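What follows is a single structure, written as structure tokens, with notes after it.
From a predicted model like this one, the values you see are computed outputs, not experimental measurements. When reading the values below, keep in mind they use all heavy atoms of this one structure, side chains included, and skip hydrogens, waters and symmetry mates.
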Amino acid sequence: MTHDVVVVGAGPAGLAFAAALAGSGLRIAVIERQPASVLADPPMDGREIALTHRSIRALQELGAWPLIDAEAIAPLREARVLNGGSPFALSFGSGDAERLGQLVPNHLIRRALFRVVADLPEVEVLAGRSVASIDGAIGNGAQGVSVSLKDGNRLEARLLVGADSRFSFVREQLGIGAEVNRLGRSMLVCRVTHEGEHQGIATEWFDHGQTMAMLPLNGRRSSAVLTLASAEIAQLAALDAEALGAELTRRYESRLGRMQAIGSPHVYPLATTYAHHFAARRAALIGDAAVGMHPVTAHGFNLGLASACSLGKLVAQAALQGDDIGGGMLLRRYEAAHRLATRPIYTATNLIVGLYTAEHPAARAARHAGLRAAARLPLVSRSVSRLLMQR
């Protein structure tokens with residue numbers, strides 16, 4: 001075997017998994033198409049990650065949290081859900097400082113995790129490399145797996161981990177199917193300054209014909225997240241900063257006063273995925289390769305990080321005990337635990353998105369009634385708050 005573990009994908013999930021194996025004595029290879037310079041200093045991608053308390057603890061344990069600039073971290077004190085033209089808002093969180101979690105730029109989390117992994121002598125990062133094929137199990141009793149790279153090299157390992165996006169090539173090569181829902185809509189994200197104070201409150205507004213979220217950053221700044229049909233988003237992304245700021249101000253009905261776009265917007269086509277299995281012989285899927293969430297509940301990153309840490313702990317423990325790190329029992333334990341953690345949230349999120357983006361009269365009435373009912377049921381509100389916070 002050339003390595004004990006081969007990880008495909010150096011996004012947050014892949015890097016977190018590699019970091020979770022520190023001290024296990026395992027030899028790890030991380031394969032990533034992007035060059036090393038981009039991994040070491042990722043460009044800003046517009047995404048602000050709403051980290052739960054559980055995710056923050058995980059990043060602390062991995063050694064990544066202290067490497068994130070504290071001035072870039074913004075407290076998320078409360079979340080509000082708005083529906084159409086109604087003035088009613090369903091609120092979660094008490095308004096206390098850092099009640100729901102923290103907002104952190106995605107590229108800073110990636111940079112911190114890479115710095116952790118780059119300092120681990122047992123990890124080899126193969127940047128600027130791509131996988132050509134997964135050649136299947138090798139050895140007597142299928143004791144390993146072989147991975148061929150496009151440059152002609154081949155790696156062998158006892159465990160393969162796919163962390164290569166919701167349209168995972170590894171998943172496809174392993175023959176694992178997935179629920180894939182291309183929504184025909186895109187998300188535009190852009191940092192803005194504004195005249196009003198956001199008070200640390202995140203807002204998700206399901207308006208008629210659009211969904212718009214405002215994520216509070218430090219100072220009078222927010223991340224505006226607008227979801228529309230992909231063609232409409234493309235037109236807005238082509239506007240200059242002044243025109244885009246005016247359009248976002250109009251679409252948000254000047255709730256925070258006049259907005260001014262900061263930098264260029266970023267566009268992401270929306271699709272959700274859920275793998276039929278999270279494990280195969282000598283292989284496992286983590287992050288978006290396992291579950292690609294709709295961003296509306298902000299749990300995609302948190303669940304991906306949880307999958308990396310969950311599998312990492314199982315593998316590290318097996319290595320320290322001298323057990324098989326790619327054994328079927330271990331992988332089945334990981335799959336069962338992650339399915340239990342993700343399936344209810346994935347299903348509920350898709351139902352919410354379906355209801356709150358439908359435009360027929362029955363749906364409009366149902367979603368307004370649903371918000372009112374939730375507000376009258378403290379148990380529901382507290383349960384959702386706990387789900388958002390994941391302490």
Please report the closest heavy-atom contact between Pro295 and Met187, naming both atoms and the distance.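 Closest pair (atom of Pro295, atom of Met187, distance): CG-SD, 3.8 Å.
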Atom of Ile31, atom of Arg129 and distance for their closest heavy-atom approach: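 That closest heavy-atom pairing would be CG2-O, 3.7 Å.
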Does the side chain of [X] come under 3.5 Å of the side chain of [Y] through a donor N or O and an acceptor N or O?
X	Y	value
Ser55	Asn302	yes
His3	Glu156	no
Ser186	Ser230	yes

Is the cationic atom of Arg80 (NZ for Lys, CZ for Arg) positioned less than 6.0 Å from the six-membered ring centroid of Trp205 and within 45 degrees of its normal?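 Geometry flag: not set, cation outside 6.0 Å or 45°.
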Pair listing, salt bridge (charged side-chain N to carboxylate O under 4.0 Å, His left out) test, anchored in residues 235-248, at least two apart: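 Residue pairs passing salt bridge (charged side-chain N to carboxylate O under 4.0 Å, His left out), neighbours aside: Glu247-Arg250, Glu247-Arg251.
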By the salt bridge (charged side-chain N to carboxylate O under 4.0 Å, His left out) test, which pairs, at least two apart or in different chains, include something from residues 338-350?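 Every pair satisfying salt bridge (charged side-chain N to carboxylate O under 4.0 Å, His left out) with a residue in residues 338-350: Glu179-Arg343, Glu335-Arg339.
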Is [X] salt-bridged to [Y], cutoff N-O under 4.0 Å?
X	Y	value
Arg191	Glu48	yes
Asp41	Arg115	no
Arg220	Glu197	yes

Quick test of your reading: applying ring-ring contact (aromatic ring centres under 6.0 Å, His included), list the pairs with at least one residue in residues 173-198, sequence neighbours left out, ordered by first then second residue.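 Passing the test, one end in residues 173-198: His194-His198.
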So, the side chain of [X] versus the backbone of [Y]: is there a donor-acceptor pair under 3.5 Å, distance only?
X	Y	value
Ser133	Asp135	no
Ser24	Ala319	no
Arg221	Asn218	yes
Ser168	Val170	yes
Asp164	Ala289	no
Thr347	Pro344	no
Glu253	Arg255	no
Arg166	Met293	yes

Taking C-beta and beyond as the side chain, do Phe17 and Leu21 meet within less than 4.5 Å on heavy atoms?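 Counting from C-beta outward, Phe17 and Leu21 do come under 4.5 Å.
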Close side-chain approach of Thr203 to Tyr252, heavy-atom, < 4.5 Å: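 Sidechains of Tyr252 and Thr203: in contact.
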Counting only heavy atoms not in His277, do more than 12 sit closer than 6.0 Å to its NE2 atom?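 No, not enclosed.
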Tell me if the CE atom of Met329 is crowded by more than 12 foreign heavy atoms within 6.0 Å.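 Check fails, neighbour count at 12 or below.
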Residues which pass salt bridge (charged side-chain N to carboxylate O under 4.0 Å, His left out) with Arg332, listed by chain and number, not counting sequence neighbours: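 Arg332: no salt bridge (charged side-chain N to carboxylate O under 4.0 Å, His left out) contacts found.
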When clusters are formed by joining ILVMFWY residues with side-chain heavy atoms under 4.5 Å apart, either directly or through shared neighbours, do Val125 and Val116 land in the same one?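 Hydrophobic grouping puts Val125 apart from Val116.
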Do Leu67 and Leu103 belong together in a cluster built from hydrophobic side chains that touch within less than 4.5 Å?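 Cluster IDs for Leu67 and Leu103 differ.
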List for me each residue that meets side chain to side chain contact (heavy atoms under 4.5 Å, CB included) alongside Ser310, sequence neighbours excluded, and say none if there are none.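 Scan of Ser310 (side chain to side chain contact (heavy atoms under 4.5 Å, CB included), adjacent residues dropped) gives Tyr334.
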Ring pair (Phe, Tyr, Trp, His ring centres under 6.0 Å) against Tyr346, all qualifying residues, sequence neighbours excluded: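 With neighbours one apart ignored, the set is Tyr274.
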